[in-house]
Amino acid sequence: MTAIEGTSAYSQAARLPAATRRLRLGVVGGGGGGFIGPVHALAARIDNRYEVVAGALSSQPEVAQAAGAAWFLAPDRTYADWREMARAEAARPDGIEAVAVTTPNHTHHDIARAFLEAGIHVICDKPLTTTLADAVALTGLVRASGLTFVVTHAFAAYPMVRQARAMVATGMIGEVRLIHVEFIADWLTDPIDLAGDRHAAWRTDPARSGPGGCVADIGTHAYHLARFVSGREVEALSAQLTTFVPGRRLDDHADMLLRFAGGARGSLLATQVAPGNPAGIRLRIYGSKAGLEWDQDDCNHLRYAVFGEAARTLARGEAALLPEAQRMTRVPRGHPEGYLEAFGNVYAEAAALIEAHGTGRDVAVACPGVEDGLAGVAFVDTAIMSSREDGRWLDPRPAAALARAGFPPAAAGAPG
């Protein structure tokens, strides 16, 4: 990442290149009580860089129309079919420039492909796809098109997460030795998926979620966060996936040991059956000189402990923070920012990339792209295979995962 001289912690213009206008955004999914679709829409509006002008908010026409009206979309730009939306919007002189894909996992590939083929940039929820084959196909299409593709790993866009990443990259903690990440939740403690809860039902259905349950739903976030902040790839993992709730078809708990490039060791814990934990995300990185600890429950602070000295707590908004953190900050210290603002940071970085598309301008952003999405799918596939083989150590990097799946070497064009 490139430092910005004279960065103000509270200047939107200083955080990213100033917008010249609002981008026209479409949304697929999110109608009829969906959770993540409205989050995407709110995040897009936070920095005034997008205007939501079209949507296929539900596959049920009456629900789509009602949701479109509630979102103040024009009736002729409220669609019940995302295929029709891609065709129609691509043909309009004022058509959408980007689309947010906020639907269940099994639909991501087909929806994203349709909009990419229509020349429209894509912002997609994770995981990228449910299969390695689809992930490879989508990654190849993005590379060939040159279009912007962003995967919304929003936990990596908190200001103090960016601060931690920059501190690791500049050697402030020394040689990285230990990396521990966890995402602990409790919402699937009871068998609500078997009782008809629609959010739980699709996430525990192999046909819609893919072969991974907890490991795909929240494990991918933890995996990305560890790699993103440490700057190290995982060279091998040993996984144990567990299904604690009787009758549930996919895992609801994952334990892993991790071996990172450069010799660091670590662990990953992801669970959805830990009572008393709504969404506990924690990252700890320890080096030869110092350690860093970040917890989403106290997301505006970062604990920094230099060996032999008293630990310090760095606060979001402090003038002494590194530019990478300042760019992600909106309001002065003492006024907390949280999940929606972090999600908004992803959308702001995506907007900067989309505006720069085709101009040759280099934009200093760190939002995850299609390669990160491919890495996430390879991680899920590897964790499932390792667990089935009683924790056998396997390389989760895309090239290794694709080779195990029988893809030719050329298909693995992603790094690692």
Mark yes or no for whether [X], through its side chain, and [Y], through its backbone, hold a donor-acceptor pair below 3.5 Å.
{"X": "T129", "Y": "T131", "result": "yes"}
{"X": "E341", "Y": "G338", "result": "yes"}
{"X": "H357", "Y": "H121", "result": "no"}

>> Which residue in the set R198, R248, H199, R203 passes side-chain hydrogen bond (donor to acceptor under 3.5 Å, both in side chains) when paired with D193?
In response: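 The passing option is R248.
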When you check the gap from the basic side-chain N to the acidic O, do [X] and [Y] get nearer than 4.0 Å?
{"X": "D298", "Y": "R303", "result": "no"}
{"X": "D205", "Y": "R208", "result": "yes"}
{"X": "R397", "Y": "E233", "result": "no"}
{"X": "D297", "Y": "R282", "result": "no"}
{"X": "D94", "Y": "R24", "result": "no"}

>> One pair to check against salt bridge (Lys or Arg N to Asp or Glu O under 4.0 Å): E235 and R232. What are the steps and the verdict?
In response: CA-CA 9 Å; E235 291 184 331; R232 274 103 177 132; over 6 Å; no
Have [X] and [Y] got a donor and an acceptor in their side chains that come within less than 3.5 Å?
{"X": "H40", "Y": "D125", "result": "yes"}
{"X": "T139", "Y": "E371", "result": "no"}
{"X": "T382", "Y": "R404", "result": "yes"}

> CZ of R388: more than 12 outside heavy atoms within 6.0 angstrom?
Replying inline: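 At most 12 heavy atoms, drawn from other residues, nucleotides or ligands, come within 6.0 Å of this atom.
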> Who passes ring-ring contact (aromatic ring centres under 6.0 Å, His included) against Y50, sequence neighbours left out?
Replying inline: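 Partners of Y50 by the ring-ring contact (aromatic ring centres under 6.0 Å, His included) criterion, ordered by chain and then number, come out as Y347.
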> What are the two closest non-hydrogen atoms of P17 and A352, and how far apart are they?
Replying inline: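 That closest heavy-atom pairing would be CD-CB, 4.4 Å.
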>> Does R259 qualify as a cation-pi partner of W393, given the criterion of NZ or CZ under 6.0 Å from the six-membered ring centre and within 45 degrees of its axis?
In response: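 Output yes; distance and angle both within limits.
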